[in-house]
Amino acid sequence: MANVLRNSAKFGFSGVLSQLSIHSRHGRECVSPCFSLQQRNNSTSPKIKVDLDSSTGVAVLRMQSPPVNSLSLDFLTEFCINLEKLEMDRSCRGLIITSTLSKVFSAGLDIMEMYGKSPERCGEFWKAVQEMWLKLYGSNMATIAAINGSSPAGGCLMSIGCDYRIMVDNPRYSIGLNETQLGIVAPFWFKDTLVNTVGNRAAELSLELGLLYSAPDALKIGLVDQLVPEDQVLSTAQDTMSKWLAIPDHARQIDQCVYIIYNTSPLPLDHARQMDQCVISVCIYYI
Ligand SMILES: CCCCCCCC/C=C\CC(=O)SCCNC(=O)CCNC(=O)[C@H](O)C(C)(C)COP(=O)(O)OP(=O)(O)OC[C@H]1O[C@@H](n2cnc3c(N)ncnc32)[C@H](O)[C@@H]1OP(=O)(O)O
């Protein structure tokens, strides 16, 4: 796998992100419209399953893309379409993300998307990664990751993009931003999200050494909020969600907004997204 990553160096990409600029129903910045997402979703079997309980207002999004829920362009597109639909549905106030696979939450970005692809495809892929994070981190819903397996790299990003993380108490499951171990560098907005979660020093050590934490170690540094037995991860997430939803939405959303404005990178701005594209291109060139 590391070889695939190293070989991908020669396929640097130069596509420029198109402008992403529609606004959500709540006025917060949103990304490209459902229409364009649907146009590029060519997959046949669904990689995502969503169940919305209209009596509680809680949706459970299950990632079901074997073998490891890797974040391919198709996967990310489907993920974003589902998030967008839930975001537009006023009856949905809370979202729980989990995996149907045993042992794996998500293996992160699909390695094959970074190998031997055209610059245009790489650009489209990176844009989808950005969209996934923007939609999740900026969501108006309360979001909980029910992490029932390993969650390296992009899988960890998805987890820390949620408001709260509950992980299965199994030392064999790991989580972390391990990019440097693969010879690549986590983009600045991965870093910011991690700093917001575990603080500066822990994030610095974690990123530079590309550390993957076992579930108990992840709890120690605050990378996850709670550990539970495997068979309780979803019920605990549901119980926790009811506490989050006891807070009036507008108060939680405004609080989150203030937090994001003061603590997060400018990725939601168009120029920052384009700058990110350039940085990633250079990184790939030097791998
Ligand atoms: C466009 C340019 C972008 C530039 C990016 C720069 C910034 C980088 C940002 C983010 C980086 C990433 O997210 S990179 C992905 C990093 N991911 C990992 O390091 C995880 C690697 N995988 C694992 O550790 C393990 O697979 C696992 C713990 C997740 C599961 O272990 P398990 O033993 O259950 O399964 P296997 O290891 O046997 O794997 C099964 C099967 O899945 C394939 N696989 C695994 N991970 C990936 C992946 N990320 N992408 C694609 N495919 C993956 C693995 O090769 C096996 O396939 P085969 O059965 O065919 O051999």
Side-chain angles (χ1 to χ4, degrees), residues 1-17 47 63-77 79 99-133 136 147-161 167-168 170-194 206-215 218 265 267 273-287:
M1 195 168 291
N3 277 342
V4 173
L5 280 168
R6 268 194 293 277
N7 289 339
S8 72
K10 54 180 182 276
F11 297 100
F13 61 92
S14 60
V16 176
L17 286 175
K47 300 177 190 308
M63 300 183 285
Q64 50 176 29
S65 179
V68 290
N69 285 332
S70 60
L71 309 179
S72 62
L73 180 56
D74 282 348
F75 183 102
L76 289 164
T77 301
F79 187 89
S99 161
T100 59
L101 310 179
S102 66
K103 300 189 297 183
V104 182
F105 181 73
S106 166
L109 303 194
D110 192 308
I111 301 283
M112 299 319 291
E113 291 284 2
M114 296 183 258
Y115 177 67
K117 295 285 191 285
S118 69
E120 291 74 22
R121 169 86 187 193
C122 284
E124 203 183 348
F125 173 60
W126 194 249
K127 184 170 140 183
V129 179
Q130 293 177 323
E131 280 183 21
M132 182 268 288
W133 180 82
L136 199 52
I147 309 165
N148 52 345
S150 288
S151 194
C156 177
L157 179 75
M158 184 184 278
S159 305
I160 60 181
M167 189 167 183
V168 168
N170 184 334
R172 279 181 300 179
Y173 296 164
S174 60
I175 182 167
L177 295 179
N178 59 322
E179 280 79 359
T180 55
Q181 284 205 31
L182 305 171
I184 54 180
V185 180
F188 66 93
W189 43 285
F190 283 46
K191 186 271 292 174
D192 284 350
T193 319
L194 188 64
S206 180
L207 285 169
E208 288 185 16
L209 298 172
L211 297 177
L212 280 174
Y213 298 88
S214 68
S265 71
L267 191 70
R273 274 199 289 267
Q274 288 172 17
M275 176 118 58
D276 179 54
Q277 178 89 27
C278 293
V279 171
I280 293 300
S281 302
V282 172
C283 287
I284 289 178
Y285 184 81
Y286 282 108
I287 289 173

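Remember, it's 1-based here, ligands and their atoms both numbered in the order they're listed. It should be emphasised that the depicted structure is a prediction, and the values quoted were computed from it without experimental measurement.
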Closest to [atom] among [options] (heavy-atom distance):
atom                    : options                : value
atom 14 (S) of ligand 1 : Met114, Arg172, Glu179 : Met114
atom 30 (C) of ligand 1 : Val104, Val185, Asn69  : Val104
atom 46 (N) of ligand 1 : Ala107, Pro187, Ser70  : Ala107
atom 39 (O) of ligand 1 : Leu71, Asp110, Val68   : Val68

Where is the tightest heavy-atom contact between Leu136 and Met158, given as atom of each residue plus distance?
->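 Residues Leu136 and Met158, closest heavy atoms: CD2-O, 3.3 Å.
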
[atom1]/[X] to [atom2]/[Y] distance, rounded to the nearest 0.5 angstrom?
X      : Y      : atom1 : atom2 : value
Thr100 : Asn69  : OG1   : CG    : 6.0 Å
Ile175 : Leu157 : CD1   : CG    : 10.5 Å
Ser70  : Lys47  : OG    : NZ    : 8.0 Å
Arg273 : Trp189 : CZ    : CH2   : 10.5 Å

Report, in ascending order of atom number, the atoms of ligand 1 lying under 4.0 Å from any heavy atom of [X].
X      : value
Phe190 : 9 (C), 10 (C)
Gly108 : 13 (O)
Pro152 : 20 (C)
Trp126 : 3 (C), 5 (C), 7 (C)
Phe125 : 1 (C)

Can any side-chain N or O of [X] pair as donor or acceptor with the backbone N or O of [Y] at less than 3.5 Å?
X      : Y      : answer
Glu113 : Leu71  : no
Ser206 : Leu177 : no
Lys117 : Met112 : yes
Thr193 : Ile160 : no

With heavy atoms only and a cut-off of under 4.0 Å, state how [X] meets ligand 1: side chain, backbone, both or neither.
X      : result
Ile184 : side chain
Leu109 : both
Leu182 : side chain

Kindly confirm or rule out an N or O of Asn178 lying under 3.5 angstrom from an N or O of ligand 1.
->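 It does: an N or O of Asn178 is found under 3.5 Å from an N or O of ligand 1.
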
